Amino acid sequence: MKVPQRLKPLVEEGLVDEVLSQLMSGKEATVYVVRSGDDIRCAKVYKDAKQRSFKNAVSYTEGRKVKNSRQARAMEKGTRYGRQMQEELWQNAEVDALFRLANAGVRVPQPYICTDGVLLMELVTDEQGDVAPRLNDVELSHERALECHAYLVNQVVRMLCAGIIHGDLSEYNILMAADGPVIIDLPQAVDAAGNNEARAMLLRDVQNLAVYFGQFAPELLNTEYGKEIWKVYEAGELTPEYSLTGHFEADTTPVDMAGLMHEIEETRREQEALLRRLQERQE
């Protein structure tokens with residue numbers, strides 16, 4: 001096929017020898033099947049902000065770090081330079097997440113290089129060597145559904161242990177490869193420690209898994225792996241080998257409101273005292 005404009009620099013640099021076909025076009029990128037030497041890979045071409053339709057991007061980018069204060073100020077003001085930095089941050093997030101997760105034992109596509117808004121990575125295939133289907137397009141037995149669900153819950157745990165939450169995990173961004181489920185589409189990956197919505201996103205990811213696999217194994221609909229995982233994570237006890245039960249018991253210990261209000265008041269007084277000292281130094 002004709003080489004798309006965005007892929008021409010990779011062809012000129014010898015990173016891609018031939019563009020074979022367009023694999024898919026989604027809300028945030030268009031993916032092509034390409035040949036690099038003797039290897040068949042895929043090239044993910046990110047769409048710019050005006051073309052993307054991914055909602056609530058700010059919720060996902062909270063907690064992501066930029067290189068310096070100038071970039072941070074530009075992004076806050078929404079300048080042209082700031083928008084450019086925001087785009088680079090959005091695109092680099094997936095590359096960074098893929099490398100971190102692969103090193104943590106999470107089954108994701110192997111990334112190779114990201115340049116000029118194009119991510120070159122592994123083409124995930126099935127047992128016949130064809131492009132792997134999405135989980136949504138695969139029929140599962142009761143036993144296979146339980147097996148895949150348990151595997152993917154462990155993958156979520158491994159991701160969280162690496163400090164990452166997918167943020168948009170569902171049957172539409174999981175591929176069924178020859179070696180089992182592969183998690184894809186990570187530009188919206190969330191920093192577990194730096195994002196205020198991290199818990200809600202983790203619970204949603206895990207609930208999506210339960211609802212989908214619950215079609216084949218209804219008992220999964222009554223599990224609460226998400227709440228259990230987050231509780232163990234907050235306690236600092238979560239490891240990839242942690243044995244989950246799928247059950248969650250809420251903490252019913254009464255809140256010491258008097259003590260809480262006292263701590264809030266003490267914090268307020270300390271902040272006011274600090275502010276007064278700073279003002280006195282300036283005078």
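Predicted model, so just to flag it, every value in this text is computed and none were measured.
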J.: I'd like to know if the side chain of Asn208 pairs up with that of Arg204 as donor and acceptor (distance under 3.5 Å, no hydrogens or angles considered).
T.: no
J.: Give a yes or no on whether the backbone of Ile165 and the side-chain of Asp205 come within a donor-acceptor separation of less than 3.5 Å.
T.: no
J.: Would you say the side chains of His142 and Glu219 form a donor-acceptor pair under 3.5 Å?
T.: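 Yes.
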J.: Would you tell me whether Glu228 and Thr245 have side-chain atoms, one donor and one acceptor, within less than 3.5 Å of each other?
T.: yes
J.: How far apart are the C-alpha atoms of Asn154 and Leu244, what are their side-chain angles, what is the distance that settles it, and do they pass the side chain to side chain contact (heavy atoms under 4.5 Å, CB included) test?
T.: CA-CA 9 Å; Asn154 179 258; Leu244 297 169; over 6 Å; no
J.: Could you tell me if the side chain of Leu123 sits less than 4.5 Å from the side chain of Leu23, heavy atoms only?
T.: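 They are in contact (side-chain heavy atoms under 4.5 Å apart), so the answer is yes.
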J.: Any side-chain heavy atom of Leu209 sitting closer than 4.5 Å to one from Val156?
T.: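 Leu209 vs Val156: side chains touch.
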J.: When hydrophobic residues are tied together by side-chain contacts of less than 4.5 Å, even through go-betweens, does Val31 share a cluster with Leu175?
T.: no
J.: What orientation do Trp230 and Tyr233 show, parallel under 30°, tilted 30 to 60°, or perpendicular over 60°?
T.: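 Because their plane-to-plane angle lies in the 30° to 60° range, the rings of Trp230 and Tyr233 count as tilted.
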J.: Please tell me whether Val131 and Met176 are part of a single hydrophobic cluster in this structure, the criterion being side-chain heavy atoms less than 4.5 Å apart.
T.: no
J.: Under a 3.5 Å distance rule, please check whether Asp39 uses its side chain to pair with a backbone N or O of Arg41 as donor and acceptor.
T.: no
J.: State plainly whether one hydrophobic cluster holds both Ile40 and Met24, where clusters connect Ile, Leu, Val, Met, Phe, Trp and Tyr through side-chain heavy atoms under 4.5 angstrom apart.
T.: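 Yes, one cluster joins them.
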J.: In the structure I gave you, are the side-chain heavy atoms of Glu94 and Cys114 within less than 4.5 Å of one another anywhere?
T.: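 SC-SC contact between Glu94 and Cys114 ruled out.
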J.: Determine, using the 4.5 Å side-chain heavy-atom cutoff (strictly less than), whether Leu146 and Val157 are members of one ILVMFWY cluster.
T.: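 They do share one cluster, since a chain of ILVMFWY contacts under 4.5 Å joins Leu146 to Val157.
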J.: Is the backbone N or O of Gly37 less than 3.5 Å from a side-chain atom of Arg35, with the two atoms forming a donor-acceptor pair by type?
T.: yes
J.: Could you tell me whether the side chain of Asp116 reaches within less than 4.5 Å of the side chain of Arg6, counting heavy atoms only?
T.: no
J.: Less than 4.5 Å apart, side chain to side chain, heavy atoms only: is that true for His166 and Leu186?
T.: yes
J.: Taking the basic N atoms (NZ, or NE/NH1/NH2) and the acidic carboxylate oxygens, is any pair closer than 4.0 Å for Lys44 and Glu28?
T.: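 Glu28 and Lys44: salt-bridged.
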J.: Please determine if Arg144 and Glu147 form a salt bridge, counting it only when a charged side-chain N lies under 4.0 Å from a carboxylate O.
T.: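 The answer is yes: the pair qualifies as a salt bridge.
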J.: For Leu202 and Val190: C-alpha separation, side-chain torsions, deciding distance, then whether side chain to side chain contact (heavy atoms under 4.5 Å, CB included) applies.
T.: CA-CA 9 Å; Leu202 176 88; Val190 171; over 6 Å; no
J.: Taking the side chain as every heavy atom from C-beta outward, state whether Lys227 and Leu203 have any pair of such atoms under 4.5 Å apart.
T.: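 Lys227 reaches Leu203 side chain to side chain.
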J.: Please examine the side chains of Val118 and Tyr32, heavy atoms only from C-beta on, and report whether any two atoms are closer than 4.5 Å.
T.: no
J.: Stepwise, does the side chain to side chain contact (heavy atoms under 4.5 Å, CB included) test hold for Arg199 with Glu234?
T.: CA-CA 10 Å; Arg199 178 181 181 275; Glu234 280 193 317; 5.6 Å; no
J.: Do Phe213 and Leu140 make a side-chain contact, defined as non-hydrogen atoms from C-beta onward lying under 4.5 Å apart?
T.: yes
